[in-house]
Amino acid sequence: MLTGYRYLLAFTPEQNAYAEKVGAACRSVWNTALEQRRAYRKRGAWINYVEQARQMAEAKTEFPWLAEVPSHTLQQTLRDLDKACRTHGTWKVRWRSKARTDPSFRFPDPSHIAVERLNRRWGQVKLPKFGWVHFRRTRAVGGTIRNTTVVRDGGRWYISFCIEDGVVAVEPNGKPPVGVDRGVAVAVATSDGDMFDRVSIRPGEAKRLRRLQQRLARQRKGSNRRRRTREQIGILNARIRHRRSDFAAQTANRLTRDHGLVAVEDLRIKNMTASAQGTVEQPGRNVRQKAGLNRAILVKGWGAFLSALQHKARYNGSVIVKINPAYTSQTCHACKHVARESRESQAVFRCVACGHQANADVNAARSILAAGLAVTGRGDLAVGQSVKRQPPELVPA
Ligand SMILES: [Zn+2]
């Protein structure tokens, strides 16, 4: 199975300067090639990867800064652009602006890459034209490297390897199923009553972020001070993002390791961003909480969590079942009565029909589990019954 590993690079000052150069060249190639593709489209014509790669090879004789960059890396940029244009359409592909895009470049040919372990904490990787680069070896690079990406994120350079790890298919783990709801107060609540949460932004950081953003708003466009403020915001955001993705990966690992089936809501990002109010048929959830910036953060976090779940499920022999989210927060898990009024507050669910009371997120997670089991034809497994005797017989996704 394909998986990705990411490590912090420790460039020498020369390597760092060269990386900036390569990143800038790739950005420039991307933008120029995109402009060219758009010009062709305007005339009703196409230009493909082969022709663009040929023209770039020519341009290298004219522009020394282009010739300094590894050829495969430049070609890969054109290939990535080609793929993006085919997938999203030439007009929807975005420019890589200097201010908004972190520089990144790829080495598509694994035969040009070598990885060595130096000691317990450090490894080194040989990259074309860079030579040996040290990296923080936080875990072993196991498996066969397929391709390699170098990216600057929050002011630091990272290397990520796409790796074929040789794991074929994992047997279903036969563990009991679980329903998972994304809460507002807690990040993740399960039908077992477990809560998973972690602070992703500390109060001091929130304060500092606010101050930096205010400062940014005052600063003159294109000024050096503004660029520095933007960099600081980027570094802070990256730290928060890493913390959140660590949390997603760890929670996803635990859930899929301990459960043979994980039922979650199928929340298409579009659905969620369109309207927090929802429609009459599908009333929105957590309407007030979803408003504004908070909503955007939640959407992002949940999307990342879902992909982490899918990924870990393949390794842990679990399956992810996505269910329609309508009414899960308003359905009583005990008597199945649906009423908006039952959701007494953000935290408390009290059924207006039978009086069943529970943590609102846990109640929702139980409804999600019931729906997930119904979807997979295991609806007979009511929650609370001894599900351990009847593990879901499902093939991992
Ligand atoms: Zn009830």
Side-chain angles (χ1 to χ4, degrees), residues 175-197 251 254-255 258-268 271-272 275-291 294-295 298-299 302 305-306 309 318-392 394:
K175 304 271 179 71
V178 71
V180 173
D181 184 42
R182 136 203 111 91
V184 170
V186 282
V188 170
T190 76
S191 52
D192 297 340
D194 291 330
M195 310 283 190
F196 296 92
D197 197 11
T251 310
R254 269 183 71 175
L255 286 170
D258 299 342
H259 300 281
L261 180 150
V262 183
V264 289
E265 294 176 309
D266 186 4
L267 294 170
R268 303 266 153 75
N271 278 350
M272 296 186 53
S275 162
Q277 298 285 337
T279 60
V280 180
E281 283 78 26
Q282 302 207 341
R285 302 189 38 197
N286 315 329
V287 172
R288 211 166 50 80
Q289 287 74 13
K290 269 193 206 166
N294 201 12
R295 177 181 64 186
L298 284 172
V299 169
W302 186 246
F305 177 64
L306 286 189
L309 265 182
S318 184
V319 283
I320 308 301
V321 179
K322 292 186 178 176
I323 61 118
N324 184 342
Y327 304 118
T328 48
S329 67
Q330 301 171 17
T331 306
C332 169
H333 155 68
C335 75
K336 308 288 174 265
H337 184 74
V338 180
R340 178 167 266 183
E341 299 74 44
S342 296
R343 183 92 187 222
E344 209 174 74
S345 70
Q346 191 50 46
V348 179
F349 182 95
R350 188 180 286 127
C351 179
V352 292
C354 76
H356 171 73
Q357 191 180 333
N359 172 290
D361 294 331
V362 171
N363 178 74
R366 287 182 179 155
S367 299
I368 290 164
L369 173 58
L373 293 173
V375 166
T376 54
R378 305 295 300 187
D380 54 316
L381 283 178
V383 189
Q385 276 180 5
S386 180
V387 284
K388 280 180 185 147
R389 276 186 286 120
Q390 296 171 288
L394 284 155

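Numbering of ligands and ligand atoms starts at 1, following listing order.
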**Prompt:** Is any side-chain heavy atom of F349 less than 4.5 Å from a side-chain heavy atom of C332?
**Reply:** yes
**Request:** Please confirm whether the backbone N or O of H333 pairs with a side-chain atom of N363, one donor and one acceptor, at under 3.5 Å?
**Result:** yes
**Item:** Backbone N/O of H259 and side chain of S318: donor-acceptor pair under 3.5 Å
**Value:** yes
**Prompt:** So, is H337 placed with an N/O/S atom under 2.8 Å from the Zn ion (ligand 1), counting both backbone and side chain?
**Reply:** no
**Request:** May I ask you to check whether H356 brings an N, O or S atom to under 2.8 Å from the Zn ion (ligand 1)?
**Result:** no
**Complete:** In this structure, the Zn ion (ligand 1) sits at the vertex of an angle between SG of C332 and SG of C351 that rounds to 10° as 110°
**Request:** If you have a sec, read the angle at the Zn ion (ligand 1) from C335 atom SG over to C354 atom SG, to 10 degrees.
**Result:** 110°
**Prompt:** Out of V188, N359, T190, which residue meets the side chain to side chain contact (heavy atoms under 4.5 Å, CB included) rule with M195?
**Reply:** N359
